[in-house]
Amino acid sequence: MKADVLVIGGGLAATWTALAAAQAGGDVVLVDKGYCGTSGVTATAGVTHWFVEPGDHERAVAERHAQAGGIADAEQALRVLRTTWERLPTLDRYYPFPVRDGRPDRTNNVRGPEYLRAMRGLVHRAGVRILDHHPALELLLRPDGSVGGAAGVRRQAGGNWQVRAGAVVLATGGTAFRSHLLGSRGNTGDGHLMAVEAGARLSGMEFSNYYTLAPAFSTMARSMAYLFGTYTDADGRVIELPSGPDRNRVLGAAMLRGPVYTTLDRAPEWVRRKMPVVQPNFLLPFTRRGIDPYRDRFEVTLLGEGTIRGVGGLVTGPDCATGVPGLFAAGDVASRVPVVGAISGGGSPNSAWAVSSGTWAGRAAVRH
Ligand SMILES: Cc1cc2nc3c(=O)[nH]c(=O)nc-3n(C[C@H](O)[C@H](O)[C@H](O)COP(=O)(O)OP(=O)(O)OC[C@H]3O[C@@H](n4cnc5c(N)ncnc54)[C@H](O)[C@@H]3O)c2cc1C
C-alpha cells in the first residue's frame with residue numbers, strides 16, 4: 001500500500017494527526033494496534049483539555065511554569081494553547097460538548113469514549129484509510145536513512161502489511177511499562193523503540209515516575225474521587241496524608257509496610273452525582289463486586305504512569321519533526337518537557353498537546 005502520510009497509532013494524537021493531514025490534502029493511512037476509537041488511554045477516560053481563553057494564555061502558562069523546574073519553553077506552551085483553541089471547536093458539530101452557563105465546555109467533563117468515537121468518524125469521513133488491528137513492528141528506511149514507511153502484522157486477517165509513505169507520524173502513545181494503568185495495555189513503547197532505532201533521541205525520561213491510585217483489584221485509574229478518601233492500615237489506624245503531590249509518597253511508604261485501605265466517605269454529594277456522568281467507568285469494578293466505595297473499605301494500590309502522565313519521550317522540533325528525515329511524532333510518544341517542564345503533563349496539558357502536536361505533525365508530514 002502507498003500513501004503520502006502514514007500515521008501509526010489510533011488514539012487522541014493519531015486521530016488529530018490524520019485529520020489535519022487529510023484536511024491539508026494528504027492521502028493518509030492510519031494503522032492502529034487496536035481498534036481506532038476505542039484504543040489508547042483517552043478512550044477509557046473522561047478528558048480534561050488545557051483549553052484557555054486567548055486573553056488568559058500568558059497567565060495560564062506562567063502559572064504552570066512556576067513549578068516546571070525552569071526547563072519549559074513558554075513560547076511552545078503558548079503555541080499549544082493557541083492551536084488547541086483553534087482546533088477543538090471544530091469538533092462541535094460531531095461531539096456534543098457539555099453545556100455550562102449556556103456555552104460548550106470543552107475543558108472539563110469531555111467523555112473519552114464518545115470523543116474518540118467522534119474522532120474516528122471524522123477521520124473516516126476525511127478519507128483516511130483506517131487499518132485496525134495492524135500493529136507496526138518496524139519503520140522502513142530508505143538508503144539515505146530517511147523514513148519511508150512501516151511494516152507490521154495483521155492481527156485478525158493474518159499475514160503482514162507494509163505501507164510506503166512520503167512521511168510517517170508516530171502517535172503510539174506513552175508507555176506505563178506494563179503497570180496495568182487504565183487503557184495502557186497496548187502502549188508498550190513500540191514507537192519509542194522504532195524511532196530510536198532509526199536515529200531519533202529521547203528526552204525527559206527521568207520525569208516519568210508518577211503513580212496513581214487504583215483499587216487493588218482493578219486497573220481503574222480514575223483518581224479524582226480518591227482526594228475524598230479516609231486511608232487506613234490493616235489495623236484500621238488512620239494514615240494522615242499531606243495535601244499535594246506528597247500524598248502518594250506517604251501512601252507508597254505505608255504500602256511498603258502493609259496493605260492500605262480507603263473508603264471515599266468524604267466525597268461530597270456533587271462529586272458522587274458527577275462521577276458516573278464524567279467518568280462512566282469509575283463505578284464499574286465496584287458494582288461488579290458489590291462494593292459501595294463511598295461506604296465500604298477497600299484495598300488500594302499505586303500504578304506507575306510511566307511516560308503517559310509523565311513527560312518523557314521523543315525529542316521533536318517545530319512541526320514535530322524528530323530529526324530523522326521523514327519521521328514525525330505527536331502526542332505522548334513525544335517529550336512534553338517543553339510544554340510542562342519537569343512536572344506531570346496529566347490533568348490537561350497532555351491532551352492539549354495531543355490535539356496541537358497532531359495538528360502540526362499532520363500538516364508538516366503532508367508538506368514533507
Ligand atoms: C486514565 C487516563 C486519563 C487521562 N486523562 C487525561 C486528561 O484528562 N487530560 C490530559 O491532558 N491528559 C490525560 N491523560 C494523558 C493522556 O495520555 C493524553 O491526554 C492522551 O490520551 C495521549 O494521546 P496519545 O494519542 O498520544 O496516546 P493514546 O491515546 O494512549 O494512544 C496510543 C495509540 O497508539 C496505538 N499503538 C501503540 N503501539 C502501536 C503500534 N506498534 N502500532 C500501531 N498502533 C500502536 C494504541 O493502540 C493507541 O491507539 C490521561 C491518561 C490516562 C492513563
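On a predicted model such as this, the values are computed, not experimentally measured, just so you know. Each ligand, and each atom within it, is numbered from 1 in the order the structure gives.
Pairs of residues two or more places apart, or lying in two chains, never qualify as ring pair (Phe, Tyr, Trp, His ring centres under 6.0 Å) while including a residue from residues 218-274. Judged as a ring pair (Phe, Tyr, Trp, His ring centres under 6.0 Å), the pairs with a partner in residues 183-218 (not counting sequence neighbours) are, in order, F217-F286.
One side chain, D32 or S39, offers a donor N or O that lies under 3.5 Å from an acceptor on the other. No side-chain donor-acceptor contact under 3.5 Å links W50 and S351.
Around ligand 1, the residues contributing at least one heavy atom under 4.0 Å from the ligand are I8, G9, G10, G11, L12, A13, V31, D32, K33, G34, S39, G40, V41, T42, A45, G46, V47, T48, P135, A136, A171, T172, G173, L181, L182, G186, N187, D190, R222, I308, R309, G331, D332, G345, G347, S348, P349, N350, S351.
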Check the pair E240 / V238 against side-chain contact (heavy atoms from CB on, under 4.5 Å), numbers first and verdict last. CA-CA 6 Å; E240 297 297 343; V238 172; 3.9 Å; yes
Contacts table for residues 197-204: side-chain donor-acceptor under 3.5 angstrom, sequence neighbours left out:
none

